[in-house]
Amino acid sequence: MTKIRKTPKSLQDFQKNEEGAIAILFGLSCVLLVGLIGLGLDGSRAMGAQAKTASALDAAALAATRAIVSANLDDAEVEELANRFYHDNLLSDGNMLADYGTLDVQIDRDTRTIRLAVETHVPTLFGRIFGVKSIDFWTDTAATFNVHDIELGLALDLTGSMGGQKIADLRLAAGDLVDMLIPDNGAISDVKIGLAPYSAYVNAGTYAAFASGDAAPPSSCMFERDTSEIYTDALPDTGDFLGVESDGRRVANNCPGVSIEPLTNNKQALHDKIDLFNAQGSTAGHIGLAWAWYMVSPTWASVWPEAPKDYGTRNLTKAIVLMTDGVFNTQYVPGATSSQQALEICDNIKAEGVLIYSVAFQAPGSAQTMLETCASTDENGDKLYYDAANGTELRKAFKAIAVSLTNLRLAQ
């Protein structure tokens, strides 16, 4: 007969006691919960560090490409500038307890691209519970300085109201533009600039004979033609010659003392001409606009020492800057004011794919409206129009135009 042994009472009590197991499970759950919350906090810090890194890289890439365009820096100088901008932006409001590695700068002049990358380490505060000592990630960006060749005509106001400090401000602003687009050690693309200063006329200099059809014109001061080609860039020819100042059609003391400068990459020649800017006369802005167009027009290629390229040429930007401080108030052909003529010319210029940047310099409301209407629209739908209330803002506007023309953008 088999005997059945009973489990000792003490052992039975032990088997029934589950209070300790619950405590252990609860403790483990708490550790796990705290760890997960901690990992979430560590992850949030890492995401913040990555966003800050990306922002700093973008700023550094754009600064570096802009410097290449405006100063034509060598690779070592570009790398130093990129590092400086990167660290300045990175540490602007703390480092988020992250370890930012060495910035990697790659400059590809063939593709005109700068790539920046950096490895970032964010030490964990709670992840160590699970053996995760840091969250590591790479961040990179690229910017392109895909600068097109540039042909730029400047229609600049030299009228009487531009006297004193204003003409000095214009000299500085125009000089800045030339310096940015044609740096001392050479531009990275083919850049040519022409000057068409105006008041009541444009002083065509030695080109007056061709424009007027007169081998010995009475003056070099030109106004609009009174023909069907009045608003076009048609080459002057029989029946379409431009008007020339004469005894019967003269506005006293209203011709600019400085003549035009056709497209050139001769930086010194441009500065020499700009230094001669002086203020006198009334405002026939439509004439200055027309001559700035002639300078970049392929129709006039046979006229200028540096022939403008065809409209639509690949990797070429044709542009005009129209600047004034007042209302266009002088015209010679009956039936249309200077402002009305300017807007007609603006439409035809833009129809050829030529960009128009317009700048109002302490100009009244009606002039501002006309200039804004005349200006081209960028890819974002914004007008290429600037309203400058003082000399500092005028210089900023001209510098902004130079940056816009260089077409700087983030590549990714």
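One is the number of the first residue; the rest follow in order along the sequence.
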About how many Å separate [atom2] of [Y] and [atom1] of [X], when rounded to the nearest 0.5 Å?
{"X": "His286", "Y": "Tyr198", "atom1": "NE2", "atom2": "OH", "value": "11.0 Å"}
{"X": "Thr113", "Y": "Gln106", "atom1": "OG1", "atom2": "CD", "value": "11.0 Å"}
{"X": "Asp275", "Y": "Leu270", "atom1": "CG", "atom2": "CG", "value": "11.0 Å"}
{"X": "Asp325", "Y": "Ser161", "atom1": "CG", "atom2": "OG", "value": "3.0 Å"}

Paired with Phe361, the side-chain contact (heavy atoms from CB on, under 4.5 Å) test is passed by just one of Asp169, Leu170, Asp157, namely Asp169
State which residue, out of Leu242, Asp240, Val333, fulfils the side-chain contact (heavy atoms from CB on, under 4.5 Å) condition with Thr227.
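Output: one option passes, namely Asp240.
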Apply salt bridge (Lys or Arg N to Asp or Glu O under 4.0 Å) to Lys192 and Asp149, showing your working.
CA-CA 8 Å; Lys192 296 183 176 68; Asp149 295 336; over 6 Å; no
Using every non-hydrogen atom in the two residues, find where Val78 and Ala64 come nearest and quote the distance to one decimal.
CG1-CB, 3.9 Å
Go through the side-chain N and O atoms of Thr53 and Thr139 and say whether any donor and acceptor fall under 3.5 Å apart.
no
Can you check whether Asn203's main-chain N or O pairs, donor with acceptor, with Ser259's side chain at less than 3.5 Å?
no
Any chance the rings of Trp304 and Tyr207 have centres within less than 6.0 Å?
yes
Would you say the side chain of Leu181 lies within less than 4.5 Å of the side chain of Ile193, judging by non-hydrogen atoms?
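Of all side-chain heavy-atom pairs linking Leu181 with Ile193, at least one is under 4.5 Å.
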